Undergrad: 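Dropping a structure here in structure tokens format, bear with me for questions.
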Amino acid sequence: MIDLNKLKDNPKLAEKLTAKGSTADIDHLFSLNDSKNTMQVELDDLKNKKNEISKLIGELAKNGENIDEDKNKSNEINESIDALQEKFNLAKTELSGLLLSIPNIPDDDVPIGSNEEANIVVSESIYTQKSDGLDHTQIGELIDGVDFNKATLISGARFVVLKGKVAKLQRALIQFMLDEAENNGYQEQYVPYIVNTESLIGTGQLPKFEEDQFKVDDNKYLIPTAEVPLTNLLRDTTLNESDLPVKLTAHTPCFRSEAGNYGKDTKGMIRQHQFEKVELVKFVHPEESDKALEDLTDNAAQLLDKLELSYRKVVLCTGDLGFSSAKTIDLEVWLPSQNCFREISSCSNFRDFQARRINVKVKNSKNKYIPHTLNGSALAVGRTLVAILENNYVEGEGVHIPSVLSKYLDFSLIEEKN
RNA sequence: GGAGAGGUGGCUGAGUGGUCGAAAGCGGCACCCUGCUAAGGUGUUACACGGGCAACUGUGUCGAGGGUUCGAAUCCCUCUCUCUCCGCCA
């Protein structure tokens, strides 16, 4: 949630919102806020009168005096209160609805642009970089480890079944990523995969992106990412400053309805309704969040280095930035079948945007402040699997397992069948 | 799924219509006293929103939302969460 006062003090911020694609009417927001406040003053004043009369009635009644006149007066005031309260509530509801629908303000160093073409590549780390390779669906068939037909049979489109060594490889990747996260100081969590509306509002998926979520019940949704349960772990809490930074990690499946992505990546495992991911989440002191984003991105990038997968680091432009994010750095891994880099991790600094929504504060001996939150994938496991299949495939042999995973697996090659 | 109990401030826990934002204790903080690793004394100690340069001040909050009433932590309704017992179950 953005800070209205900050927006008021700095009109330039409104332009940045526009650069992010927000169509919010900021002036309307201000006037709505003003009229809400005016009403609140009036309302409080009326309630104050009412309270005083009630107190008076109490005293009069105790002394056995006549209270009819004051009761009438009080009833009149109550009518005024009811009328005004209704208007006030409407204004308040509208205001909070609008505020929840306004995206975060991009950082100053975020490139301006309307789509991914304006993103800036900051670095590349190249190991081997094959091109025109087989894609993972073909390789999956050759090694008999990936089955989309069975997934379609039992569930439908955009699901996958992994078999044998490929399934084990995915499990090993998860284990590897969690171990690395722990080495980097993140505490592992096991969290619910179903969350309530409040949690999704807290991290910013709701109210605007309801159609992207899988709803399982009134007020209950499958998580689109572990960011949601992990970040909401601290909802409505006040932390001690000495607790910072809070660093959490979890492996979870992620569920996305991918509404509005018809025709995009329809083939293969790139865009699925269900995929595995290891997520990193941090709560840090506001002054530390820039550094924290770098560290977080490094934590994710190191995984790709250890897996010896080629990747590049990209700063997302304003138009490509997620709703809640002030700055996002994507890691994109090389896919030989597509001859391009594809997103495999997204590391974001949310500043105080989510923290305000989830009402988390930090106190020290002097005062209270709102911490900054960050998160990033480390990594998207499904896409990592795709990258390994495609990059490590050798014709006539099969898929070679990255050596860093050897301690998790009792094989180093997934052979072709026949 | 069935039956019951209950949600009060950081914690324990009083409080069944007005003087209750709420006793008391614990804990926290500040100061004082005390020459000994402790004890005692005094004061202070919720949050949100609004108004005001500020001192300060108004409103709201006793799980949530409605209702009754001039007035609700207290009475009524709905919801929700927690706990106990039974059933079922990985």
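Just so it is clear: chains get the letters A, B, ... in the order the sequence lines come, proteins before strands, and each one is counted from 1. Note: hydrogens, waters and symmetry copies are ignored here, and every other heavy atom, side chains too, is used. Please read all numbers here as calculations on a predicted model, not as lab measurements.
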Undergrad: Mind checking if A:Lys49 touches a base, just sugar-phosphate, or nothing, with heavy atoms under 4.0 Å?
TA: nothing
Undergrad: Does the side chain of A:His28 reach to within under 4.5 Å of the side chain of A:Leu98, using non-hydrogen atoms?
TA: yes
Undergrad: Could you measure between the two C1' atoms, the one in B:rU82 and the one in B:rG25, and give it in whole Å?
TA: 25 Å
Undergrad: Report which part of the nucleic acid A:Lys363 touches: base, sugar-phosphate, or nothing (heavy-atom distance under 4.0 Å, all strands).
TA: nothing
Undergrad: For A:Lys36 and A:Lys55, find the nucleotide of RNA chain B closest to each by heavy atoms; which residue's nucleotide sits nearer the 5' end?
TA: A:Lys55
Undergrad: Base, sugar-phosphate, or nothing for A:Asn72, non-hydrogen atoms under 4.0 angstrom?
TA: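 Touches nothing.
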Undergrad: Which residues, if any, of residues 350-359 of chain A bring a heavy atom under 4.0 Å of RNA chain B?
TA: none
Undergrad: Distance check, C1' atoms only: B:rU68 and B:rU16, in whole angstrom units.
TA: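 Going atom to atom, C1' in each nucleotide, I get 16 Å.
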Undergrad: Is there a side-chain contact between A:Glu227 and A:Phe350, using heavy atoms and a 4.5 Å cut-off?
TA: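 Yes, at least one pair of side-chain atoms sits under 4.5 Å.
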Undergrad: Say you pick atom C1' in B:rG1 and the same atom in B:rU69; how far apart are they, in whole Å?
TA: 40 Å
Undergrad: Of the options B:rC47, B:rG58, B:rG51, whose atoms approach the side-chain atoms of A:Asn48 most closely?
TA: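 The nucleotide sitting nearest to the side chain is B:rG58.
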Undergrad: With a 4.0 Å cut-off, would you call A:Arg351 and A:Asp3 a salt bridge?
TA: no
Undergrad: Kindly point out which of B:rG50, B:rA48, B:rC70 is positioned nearest to the side chain of A:Asn78?
TA: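 Of B:rG50, B:rA48, B:rC70, B:rC70 is nearest to the side chain of A:Asn78.
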Undergrad: Between B:rU57 and B:rA22, how many Å separate the two P atoms, rounded to a whole number?
TA: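 Straight-line distance between the two P atoms is 14 Å.
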Undergrad: Is the distance between the ring centroids of A:His136 and A:Tyr393 under 6.0 Å?
TA: no
Undergrad: Please determine, for the side chain of A:Ser54, which listed nucleotide (B:rU59, B:rG50, B:rG71) has the closest atom?
TA: B:rG71
Undergrad: Calculate the interatomic distance between A:Ile57 atom CD1 and B:rU69 atom P; express it in whole Å.
TA: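 Interatomic distance, CD1 of A:Ile57 to P of B:rU69: 13 Å.
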Undergrad: Using the P atom on both, measure B:rG41 against B:rG66 and round to a whole Å.
TA: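 Taking atom P in both B:rG41 and B:rG66, they lie 46 Å apart.
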Undergrad: What nucleotide among B:rG51, B:rG18, B:rC70 has an atom nearest to a side-chain atom of A:Lys71?
TA: B:rC70
Undergrad: Using atom CD of A:Glu79 as one end and atom P of B:rC70 as the other, report the distance to the nearest whole Å.
TA: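 Going from A:Glu79 (CD) to B:rC70 (P), I get 12 Å.
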Undergrad: Determine the interatomic distance between P on B:rG7 and the same-named atom on B:rG63; round to the nearest Å.
TA: 8 Å
Undergrad: Counting C-beta onward and ignoring hydrogens, is there a side-chain heavy-atom pair between A:Lys163 and A:Asp147 closer than 4.5 Å?
TA: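 In short, these two side chains touch, coming nearer than 4.5 Å.
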Undergrad: Within the structure shown, what part of the strands sits under 4.0 Å from A:Ile53 by heavy-atom distance: base, sugar-phosphate, or nothing?
TA: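 No contact.
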Undergrad: Between B:rG51, B:rG18, B:rG58, which nucleotide has the shortest distance from any of its atoms to the side chain of A:Ala61?
TA: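 Among B:rG51, B:rG18, B:rG58, the one nearest the side chain of A:Ala61 is B:rG18.
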Undergrad: Could you state the atom-to-atom distance from CG of A:Leu84 to C1' of B:rG50 in whole Å?
TA: 13 Å
Undergrad: Just the rounded figure in Å: distance from P of B:rG17 to CD of A:Glu59.
TA: 19 Å
Undergrad: Between A:Phe214 and A:Tyr193 (judged by ring centroids, cut-off 6.0 Å), do the two rings come close enough to count as a pair?
TA: no
Undergrad: Between atom CG in A:Asp236 and atom P in B:rA48, what is the gap in whole Å?
TA: 12 Å
Undergrad: Tell me: CZ of A:Phe88 to P of B:rG58, nearest whole Å?
TA: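 In whole Å, B:rG58 P lies 18 Å from A:Phe88 CZ.
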Undergrad: Among the nucleotides B:rU19, B:rC70, B:rG50, which one has an atom lying closest to any side-chain atom of A:Lys62?
TA: B:rU19
Undergrad: Rounded to whole Å, how long is the line connecting atom CD1 of A:Ile67 with atom C1' of B:rC70?
TA: 7 Å
Undergrad: With heavy atoms under 4.0 Å as the rule, sort A:Asp70 into base, sugar-phosphate or nothing.
TA: nothing
Undergrad: Consider the side chain of A:Asn51, meaning its heavy atoms from C-beta on, and name the nucleotide among B:rG50, B:rU59, B:rA48 that approaches it most closely.
TA: B:rU59
Undergrad: Applying salt bridge (charged side-chain N to carboxylate O under 4.0 Å, His left out) between A:Asp108 and each of A:Lys12, A:Lys16, A:Lys327, report the one that passes.
TA: A:Lys16
Undergrad: Counting distance only, does the side-chain N/O of A:Lys282 pair as donor-acceptor with the main-chain N or O of A:Ala292 below 3.5 Å?
TA: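 Looks like yes, one N/O pair under 3.5 Å.
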Undergrad: Determine, for A:Phe411 and A:Lys165, whether the Lys NZ or Arg CZ falls below 6.0 Å from the six-membered ring centre while staying within 45 degrees of the axis.
TA: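 Pair A:Lys165/A:Phe411 counts as cation-pi.
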Undergrad: Is A:Lys361 close enough to B:rA48 that one of its side-chain N or O atoms is under 4.0 Å from OP1 or OP2 there?
TA: yes
Undergrad: Is there side-chain contact between A:Val281 and A:Thr373, with heavy atoms separated by less than 4.5 Å?
TA: no
Undergrad: Considering only NZ, NE, NH1 and NH2 on the basic side and carboxylate oxygens on the acidic side, decide whether A:Lys363 and A:Asp243 come within less than 4.0 Å.
TA: no
Undergrad: Between A:Asn89 (CG) and B:rG60 (C1'), how many Å, whole number?
TA: 12 Å
Undergrad: At a heavy-atom distance below 4.0 Å, what parts of residues 190-204 of chain A sit against RNA chain B?
TA: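 Nothing qualifies; none.
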Undergrad: Determine the stems involving RNA chain B; a stem requires 3 or more consecutive pairs of the Watson-Crick or G-U wobble kind, each with both distances below 3.5 Å, and the answer is none if no such run exists.
TA: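 Stems for RNA chain B, defined as runs of 3 or more consecutive pairs: B:1-7 with B:80-86, B:10-12 with B:24-26, B:27-32 with B:40-45, B:46-51 with B:56-61, B:63-67 with B:75-79.
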Undergrad: Does a side-chain heavy-atom distance below 4.5 Å link A:Leu7 with A:Ile105?
TA: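 When only atoms from C-beta onward are counted, A:Ile105 and A:Leu7 do touch, with a gap below 4.5 Å.
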Undergrad: With RNA chain B as reference, determine whether A:Lys368 or A:Asp44 sits nearer its 5' end, using the nearest nucleotide of each.
TA: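 First, find each residue's nearest nucleotide; the 5'-ward one identifies A:Lys368.
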Undergrad: Taking side chain as C-beta onward, heavy atoms only, is A:Asn375 less than 4.5 Å from A:Thr203?
TA: no
Undergrad: Rounding to an integer number of angstrom, what distance separates B:rG58 and B:rU19 when you compare their P atoms?
TA: 16 Å
Undergrad: Distance check, C1' atoms only: B:rA73 and B:rU61, in whole angstrom units.
TA: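 My reading of the C1' atoms in B:rA73 and B:rU61 gives 11 Å.
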Undergrad: Whether the A:Gln85 and A:Asn89 side chains hold a donor-acceptor pair (N or O, under 3.5 Å, no angle test) is what I'd like checked.
TA: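 The answer is yes; a qualifying pair exists.
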